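Notes to accompany the following structure.
Computed from a predicted model, the values in this text were never measured in an experiment.
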Amino acid sequence: MTMPQRADLASVLGVDISPELFELALTHRSFAYENGGLAHNERLEFLGDSILGQAVTVMLYNENPDLDEGELAKRRASLVSSVALAEVARSIGLGAHIRLGKGEELTGGRDKSSILADTVEAIIGAAYLDLGGEQATTLVLRLILPLLEDPERFGAAMDPKTSLQELAARLGRGLPTYQVTDSGPDHSKRFHASVLLGKDVIATGDGSSKKQAEMAAALDAWTLLQLPAK
């Protein structure tokens, strides 16, 4: 991928991370392993997860003085979840920029919620290392706040399975059902969920647990069912 395209992504993110660190943040382990054991983004992901959690926690605490600890915790969990981060990633077209191995490329890795969410965290980690805590926090809020500005979507991101069930009932589509398969070794299983209305597969989702995969599929289904109304 050429540098102008990287510049386009940096422009959307509103940050100017050094090219080397930016490239590292976008490098999935599958690409690294297929290219001689290059460095990949998992350490940055680890760092970014912490920065993300802190930024969201402080924002929610300051802006919601009337909410108790339990409600704050629920909102934080929804905003830092893989489902929410994958939605953020899709909204900025992040998948097209990730460096993936051929295997992941062939199995739709550019749209896997887990890969998208991990890459968002890695970019946040890179921003922290290169630009400092203040700019990294600004980046987090820029990415996350659109979820809060749409109350209906925020509710769906918090509890996508319930939101989908309620929407399907309003549309007269019946109760959603889920089919889940898994793959990979026991220590690193991946789960793939399909959500059905009747006999129709409405959407699919992936995750590191059955629950995460079902939530990702439910949010995608909820989003698709909303489209005709727009």
Side-chain angles (χ1 to χ4, degrees), residues 1 20-53 56 73 76-90 92-126 128-129 143 157-161 164 176-196 201-223:
M1 187 167 286
E20 296 81 7
L21 204 53
F22 202 12
E23 196 81 351
L24 178 59
L26 294 168
T27 302
H28 187 255
R29 65 173 178 268
S30 62
F31 182 92
Y33 294 163
E34 289 182 15
N35 288 273
L38 301 175
H40 54 75
N41 65 8
E42 289 186 355
R43 281 174 53 84
L44 287 176
E45 173 199 334
F46 170 78
L47 176 61
D49 176 68
S50 179
I51 305 304
L52 169 70
V56 170
R76 178 180 60 192
S78 70
L79 289 171
V80 303
S81 71
S82 292
V83 171
L85 294 180
E87 184 177 350
V88 167
R90 292 186 182 102
I92 61 174
L94 181 59
H97 297 268
I98 301 173
R99 302 170 85 197
L100 286 177
K102 292 178 181 177
E104 282 290 355
E105 188 83 62
L106 291 172
T107 56
R110 293 195 184 279
D111 196 47
K112 286 185 180 177
S113 293
S114 56
I115 292 177
L116 290 170
D118 290 348
T119 307
V120 170
E121 291 179 338
I123 289 172
I124 293 167
Y128 177 83
L129 286 180
L143 293 173
M158 286 183 69
D159 189 355
K161 293 181 72 173
L164 174 61
T177 58
Y178 298 84
Q179 295 177 348
V180 182
T181 58
D182 61 71
S183 60
D186 287 343
H187 68 277
S188 184
K189 274 193 181 299
R190 301 298 307 171
F191 293 82
H192 180 80
S194 299
V195 57
L196 296 86
V201 175
I202 304 301
T204 62
D206 295 283
S208 57
S209 68
K210 178 182 176 182
K211 179 180 178 181
Q212 189 179 85
E214 288 181 347
M215 287 176 62
L219 184 58
D220 281 355
W222 181 89
T223 302

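- Between the CG atom in L44 and the CD1 atom in I51 there is a gap of 11.0 Å [rounded to 0.5 Å].
- Counting all heavy atoms, side chain and backbone alike, G103 lies closest to E34 at N-OE2, 3.5 Å.
- Looking at L24 and R43, their side chains never come closer than 4.5 Å, going by heavy atoms from C-beta outward.
- To the nearest 0.5 Å, atoms NE2 (H28) and NZ (K112) are separated by 8.0 Å.
- The nearest pair of heavy atoms linking A117 to A86 is CB-N, 4.2 Å.
- Taking the side chain as every heavy atom from C-beta outward, V88 and L94 never approach each other to under 4.5 Å.
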(request) I would like to know whether H192 and T204 meet side chain to side chain contact (heavy atoms under 4.5 Å, CB included); could you show each step before the answer? (result) CA-CA 7 Å; H192 180 80; T204 62; 3.6 Å; yes
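- By the 4.5 Å heavy-atom criterion applied to side chains, E23 and L38 are not counted as neighbours.
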(message) If you apply the rule side chain to side chain contact (heavy atoms under 4.5 Å, CB included), what do you find for R90 with T223, and how did you get there?
(response) CA-CA 12 Å; R90 292 186 182 102; T223 302; over 6 Å; no
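- Interatomic distance, I124 CD1 to D49 CG, rounded to the nearest 0.5 Å: 9.0 Å.
- Side chain of R76 to main chain of G53: no donor-acceptor pair is present (N/O by atom type, distance under 3.5 Å, no hydrogens or angles).
- Listed here is the closest heavy atom pair of A39 and T27: O-CG2, 3.6 Å.
- With 3.5 Å as the limit, one finds no donor-acceptor pair spanning the side chains of S183 and R190.
- Scanning both residues, V195 and A217, for their nearest heavy atoms gives CG1-O, 3.7 Å.
- Within a 6.0 Å radius of OH in Y128, no more than 12 heavy atoms belonging to other residues, nucleotides or ligands are found.
- Between the side chain of R110 and the backbone N or O of I98 there is at least one donor-acceptor pair closer than 3.5 Å.
- Rounding to the nearest 0.5 angstrom, the gap separating the CG atom in D118 from the CD1 atom in I123 is 11.5 Å.
- Here the straight-line distance linking atom CG of L196 with atom OH of Y178 works out to 10.0 Å at 0.5 Å rounding.
- Across all non-hydrogen atoms, the minimal contact from A89 to L116 is CB-CB, 3.7 Å.
- Rounding to the nearest 0.5 angstrom, the gap separating the CD1 atom in I115 from the CG atom in N41 is 9.5 Å.
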(message) Let's go through L52 and L85 carefully: what are the C-alpha distance in whole Å and the side-chain angles of both, what is the deciding distance for side chain to side chain contact (heavy atoms under 4.5 Å, CB included) to 0.1 Å, and is it a yes or a no?
(response) CA-CA 10 Å; L52 169 70; L85 294 180; 3.7 Å; yes
(message) Assess the residue pair L100 and F31 against the criterion (side chain to side chain contact (heavy atoms under 4.5 Å, CB included)); give the C-alpha distance rounded to whole Å, side-chain angles, the decisive distance to 0.1 Å, and a yes or no.
(response) CA-CA 5 Å; L100 286 177; F31 182 92; 5.5 Å; no
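- Between K189 and G184, the shortest heavy-atom contact is NZ-O, 3.6 Å.
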